[in-house]
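The structure appears right after this line, and notes come after that.
In what follows, chains are A, B, ... by sequence order, proteins preceding strands, each numbered from 1. Heavy atoms only: backbone and side chains are in, while hydrogens, waters and symmetry mates are out.
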Amino acid sequence: MRLNIVSLVLAAAAVCVAPLAHSFEIEHRQNFASKAAQPVTLRILSTADIDLFAPLILSFQAENPKVAVTYHAVSSTELMRALQDEQAPYDIAVSSAMDLQTKLANDGFALAHRSTETNLLPEWGKWRDHVFAFTQEPAAIVLSAKAFANLPVPQTRQDLISVLRDHPDLFRGRVGTYDVRSSGLGYLFATQDARTSETFWRLAEVMGHLDIQLYCCSGAMIDDVSSGKIAVAYNVLGSYAMARRDAKANIHIITPQDFTTVMLRTALIPTTAQRPALAGQFIDHLIRAAWLDETTDNYPFPDINRDPLASNTSLRPIRMGPGLLVYLDKLKKRQFLNEWENAILQP
Amino acid sequence: MRFLLVEDNEQLAKAICDRLSLDSHIVDHAGNLSLASEHVAATTYDLILLDIMLPDGDGRRFLRRYRAGAGKTPVIVLTARSEVSDRVGVLDLGADDYITKPFDFSELEARCRAVLRRQGGGASNCKRFGNVDFDALAGTVTLNGTATALRNKELRLLEVFFNAPEQIFSKSKLVDRLFSYDEDVSENAIEVYVARLRKHIEGSNVRIITVRGLGYRLSLA
Amino acid sequence: MSAELKATGSIRRRLSLQLLSNAALLTLLLVFIVRSFAQQLAEQSQDNILMASVTSILDASAIQQGELIVDIPYSAFSMLSNLSDDRVFYRIDKNSVFLTGYDDLPNPASVKNTGSPIFSTEIYQDREIRMVTASRRLALENQPVELRVSVAQTRNGQDQTLEEISRMAMLFGGGFFAISAVLALFSAQSTVGPLRRLASAVSRRGPRDLRPVTDRVPAEMVPLVKSLNQFIERLKISLTRSEDFIAEAAHRVRTPLATVRAQAEITLRRVEKDENRASLKEMIRAIDDSSRAAGQLLDHAMVTFRTDHLEQSQIDLAALVGETVDRLKAVAELKDIDLTYNENDPAKISGDAILIQNAVRNLLDNAIKYSPMDSRVSVELVRQTPWVILSFHDQGLGFPQTGAAGLTKRFARGSNVAGIVGSGLGLTIADEVARAHGGDLKIANNADGVGACVSISFPLS
């Protein structure tokens, strides 16, 4: 009898879960319920921290009370797998990996969306009416306050190289960065750095000498800098660092003066979307919150500057376009990773 | 009266001249415009009878030139054309009147009389017989200073008598003189007019005497 | 009276239509040419940029340390977004073996020509793409290595550009057409202008204006005007001949008659015998008859002629009647008829002065003729808006009770006037003149039984 009930429950569970059967890995999931009797569900697949992204969802629900939201957080490579390889049915795909989003759109995995809001975006804020930017997040260097208590805080990469060279013992084993082999955002930051300046490779070699630690995500890097486990974290998402109030006292967040790569977080509507019209409304909501609203209550990211270069000449926003496909080319990628491993791992 | 007749048709000219002479008028005839110009240059006339269609030109041209040259003699135009097309031209150019051929001579006479009367002055047509003055033009008979206007037939009858005093005129002759040819009148109509005339000259030394079987005669009493 | 002319088409309309259709054709041609040319240019610019992309990839490849290194410069793809936001596809083959890129990207059909780049349009993923393919030969260990690179883009940008170009071209064409249309209409109007002017100049002429047309006209209209003038000339000659004939006839008939009459009068003075006198009187009566008849026939002919082309001028009727009365006073006096004229009201009418004068003279002449001696003929002019009525009262025989209405017929004479010289056309003439002017003629006997009253009425102008 009990066995029957259990098998029934399991079967029911299996049936419920069956439509969602997939092989890509979901790191976190959260449901944002709706009070309406028969709610409409918007399914979001995203690389962003739930806690960071939540205000945007809540404000959307406030305007659209009938909408319930299902939020699945994944890594950028898993997001690609889900959409490109497994055709998973999601209404919105949000990712910090601009190159991967661009490839999805280029290869026909995204739907076009046009509205009054999208028309207001500047040219560099969208690609082909398929990919829409809603943040401006710099790649920063996060330093341990304690470690640099008696040292000059480096403002440029060259400064950092000098500091590291001068105090090898202090920093051995205590520098960290993205493992670009597994992190999409890490790979994006690294390739953009490489094409901008030679300094990247030199820095990579210096850090490689110092037994560099490799991380999957910015969150972990910030934790370890805050706790003192590492002193320098390179190419950390500045927005995450700034959002970490708890770590504020322990860290310095540096946007390098020589150049700072700026990532634009993007959203798109996959072709597998079940509710494309609702998805379009959400995209408009994101655009409004990011570009149009003056208030920052519901917008958890740094303010968007419509003319970033005018205010700070070191900012280098990554340009959306087919150029981002270059480093996704398998030959090109293989070449880059070879070089990177040579510099960082120093086998 | 002295007439100048400007007419190129010889037969008609002769007939008109003869007819006018019967009434004791003097008529000069010019067969063309140049002759006419010579005549008016040489003589003063009481009246000019002018034809329109002449061999050496249009009578209207002569008329215009004559008036431009301060010619004062009244002109009556004889026209064979339809009155209408010539009317305006002729009177505006200086003719005093016009008459259409063929015309009744009594009508011509009446028109001459009217034209001359309008002109004023000029030929004096006053004839005196006894103590009666008769102005054929004005149509008046003056007796002892009093002038009496005569009606047309009375005037013409008296004119016949005054032109040939002491001559006997038969009733029939007088009818011819007084009445138009389509007026069928008996001779006794004459008696009426004679009676009227007698009334007008009553108190003068002039009488209209009935000559039994022959007619009437104007003579001194 | 002129026959109704049927117009077949209109020169102006035909000219306008032709010019408009020409303009339309030219516009279409222009739009088509502009569009094709612009399209070619746009296609060329996409081809050029794709070519540049391919070239940069080929140029970046090299043989290094015994290996073929293929590098895709960042700029190879980023330059493609300069032109448009189209999707980008590429493939790189080494010795016809796929190396990297989109492996299902089609190869161009004519792959034999390795020397020059190939520009082709293919279908990929259900969309039209424009592809540029080029190759480069390298030597690796004395073996030839052929590197072939294809870069393709969808054509959305092209389509958009083409749409814009089409719209611009259509707008431009539309504007061009609108301007041409306006100019065409102006041209048509001005071309027809001389015709209009000539027509109005000729129509403004009075009915008796037979001067040749001397307006200046364009060369094409000269033959028409020449013919018109020839026609006018022929008409003038014909009319003059008729008028001359009438005048000549009058003269030739009347002059001998005048001679005869004068001679008859002379003879009458000379003969004594009653029967001779009676004969002569008959003769004179006959002459008067024929002369009067001739006169009235000529009058009637003229009246008929003039009523066909009625001249319209302002006439002071009171003055005209006054003049006619003065003319006939002498004749009235001969019969001791008292001729009076009461012009009670001023009256202006519109018509042919000569015709009206003729009618009035005929009526007055009638009145005097049919009156006995010592009687009265009175003429009255009375205004009864919208008419003016001119009436002639005599104390003569009056009209016969029966058949009075028929007296206006030609040559009709009353049954009671056989003894009086007359031709019977006087009333006819007056009746025709009255009717031609929109008025009429009424004949009646006087109320008191003595004499007749003839009244002719005209509409006031």
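- Ranked by heavy-atom pairs under 4.5 Å with chain C, the first of R156(B), E107(B), R151(B) is R151(B).
- There is no contact between R252(C) and chain B, counting heavy-atom distances below 4.5 Å.
- Note: N152(B) leads N152(B), L22(B), N9(B) in heavy-atom pairs under 4.5 Å with chain C.
- For the atom pair CG of L78(B) and OG1 of T255(C), the computed distance is 10.0 Å after rounding to the nearest 0.5 Å.
- With chain C as partner, the option from K153(B), E154(B), R113(B), E109(B) having the largest number of non-hydrogen pairs under 4.5 angstrom is K153(B).
- S378(C) and Y341(C) share no donor-acceptor pair across their side chains, judged by distance under 3.5 Å alone.
- Within the 4.5 angstrom heavy-atom criterion, atoms from both the backbone and the side chain of R269(C) approach chain B.
- Looking only at heavy-atom pairs under 4.5 Å with chain B, the residue among A262(C), A330(C), A258(C), P372(C) that has the most is A258(C).
- Note on ring orientation: taking the six-membered ring where Trp is involved, the planes of F161(B) and Y216(B) are perpendicular (angle over 60°, cut-offs 30° and 60°).
- Interface residue K335(C): backbone and side-chain heavy atoms are both found under 4.5 Å from chain B.
- The greatest number of non-hydrogen atom pairs below 4.5 Å with chain C, out of A13(B), S170(B), S106(B), is found for S106(B).
- Interface remark: of the candidates L257(C), I287(C), I284(C), V253(C), I284(C) forms the most heavy-atom pairs closer than 4.5 Å to chain B.
- Neither the backbone nor the side chain of E282(C) comes within contact range of chain B; no heavy atoms are under 4.5 Å apart.
- Side-chain atoms of T324(C) and Q357(C) include no donor-acceptor pair closer than 3.5 Å.
- Donor-acceptor pairing under 3.5 Å is lacking for the side chains of Y370(C) and D394(C).
- Distance check, rounded to the nearest 0.5 Å: CZ of F105(B) to CD of E265(C) gives 6.0 Å.
- Per-residue heavy-atom pair counts under 4.5 Å with chain C were compared for D51(B), D104(B), L178(B), D97(B), and the maximum is reached by D104(B).
- Of all the listed residues (V260(C), L268(C), V331(C), D274(C)), the one sharing the greatest number of non-hydrogen pairs under 4.5 Å with chain B is L268(C).
- The only option from R67(B), R111(B), R118(B) that meets the salt bridge (charged side-chain N to carboxylate O under 4.0 Å, His left out) definition with D96(B) turns out to be R67(B).
- Side-chain contact, Q312(C) with S350(C): a donor N or O sits under 3.5 Å from an acceptor N or O.
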